[in-house]
Amino acid sequence: KDFYLDTAGADHRINFRVGGSTTQLEIESSAVNVTGNIVGTGDLTIDTNTLFVDASSNRVGINTTSPDTPVHILASDAQLLTVQRNGDNNANIRFRNDTSSMFCGLTTNATGFAIDDDNDLGSGPMLFVRRSDGNLGVGTATPVGTLSLSDQNPNIRFDDEDTSNN
């Protein structure tokens, strides 16, 4: 048989099998279990608005059925997203376009927050804020003061944009 329906047992379970003996779709009173890919057309809604996929605009909404960006999260909490990595290594987010990438995130052992052009945020980051005291490092992950610059030719430049008082 290529296909058959099994309504066995008192648990009100329906099993669909296509060739072989593996159940591809199982419908129970409290769950639907699928073995293999789920392919569909049209929108997908989970629990009213917990997760919503807008098929016409290729957008995903979390707690909203009207996503206006590719991923739209709506919540009353100040913290909308958690990025966590197992262990104590750095956890970062990559921002990328067709030209290049930039990374930002928590450094190893949560010593601070850094921005850099590679994902090793603790090794000579472009910008680093130490968590323990708020010291800022430019070109260093070990600022020795409130502001530390590390470069072959470190300098600070101030430009006066107000030309009316010259």
**Prompt:** Is a side-chain donor-acceptor pair under 3.5 Å present for D54 with S56?
**Reply:**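 Short answer, yes.
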
**Request:** For N153 and D151, test the side chains for any donor-to-acceptor distance below 3.5 angstrom and give the result as yes or no.
**Result:**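 Judged by distance alone, the side chains do not pair up.
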
Min side-chain heavy-atom separation [X]-[Y] under 4.5 Å:
{"X": "F95", "Y": "S101", "value": "no"}
{"X": "L147", "Y": "V138", "value": "yes"}
{"X": "R85", "Y": "N90", "value": "yes"}
{"X": "F103", "Y": "I93", "value": "no"}

Is there a donor-acceptor pair under 3.5 Å between the side chain of [X] and the backbone N or O of [Y]?
{"X": "N92", "Y": "N119", "answer": "yes"}
{"X": "R94", "Y": "M102", "answer": "no"}
{"X": "R131", "Y": "F113", "answer": "no"}
{"X": "N63", "Y": "A75", "answer": "no"}
{"X": "N37", "Y": "V39", "answer": "no"}
{"X": "D118", "Y": "L121", "answer": "no"}

Shortest non-hydrogen contact from [X] to [Y]?
{"X": "S148", "Y": "G145", "value": "OG-N, 3.3 Å"}
{"X": "S123", "Y": "D116", "value": "O-OD2, 3.9 Å"}
{"X": "T65", "Y": "T48", "value": "CG2-O, 3.5 Å"}
{"X": "P125", "Y": "A114", "value": "CB-CB, 3.8 Å"}
{"X": "G139", "Y": "S150", "value": "O-CB, 3.5 Å"}

Report the distance from atom [atom1] of [X] to atom [atom2] of [Y], rounding to the nearest 0.5 Å.
{"X": "L149", "Y": "N155", "atom1": "CG", "atom2": "CG", "result": "8.0 Å"}
{"X": "S66", "Y": "R59", "atom1": "OG", "atom2": "CZ", "result": "10.5 Å"}
{"X": "I115", "Y": "L127", "atom1": "CD1", "atom2": "CG", "result": "5.0 Å"}
{"X": "D88", "Y": "N109", "atom1": "CG", "atom2": "CG", "result": "4.5 Å"}

**Option among T142, L136, T140, T107 that satisfies the side chain to side chain contact (heavy atoms under 4.5 Å, CB included) test with F128** =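 The single option meeting the side chain to side chain contact (heavy atoms under 4.5 Å, CB included) with F128 is T107.
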
**Request:** List the steps and the verdict of side chain to side chain contact (heavy atoms under 4.5 Å, CB included) for M126 and D117.
**Result:** CA-CA 8 Å; M126 294 176 176; D117 61 354; 3.6 Å; yes

May I ask whether [X] and [Y] are part of the same hydrophobic cluster, defined by side-chain heavy atoms of I, L, V, M, F, W, Y residues being less than 4.5 angstrom apart, directly or through others?
{"X": "V60", "Y": "L80", "answer": "yes"}
{"X": "L44", "Y": "I73", "answer": "yes"}
{"X": "V32", "Y": "I46", "answer": "no"}
{"X": "L81", "Y": "L51", "answer": "yes"}

**I62 vs H72, side chain to side chain contact (heavy atoms under 4.5 Å, CB included): CA-CA, chis, key distance, verdict** = CA-CA 6 Å; I62 298 174; H72 182 154; over 6 Å; no

**Asked** Quick check: are there more than 12 heavy atoms from other residues, nucleotides or ligands sitting under 6.0 Å from CG of N86?
**Response**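 Counting other residues, nucleotides and ligands, CG of N86 stays at 12 neighbours or fewer.
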
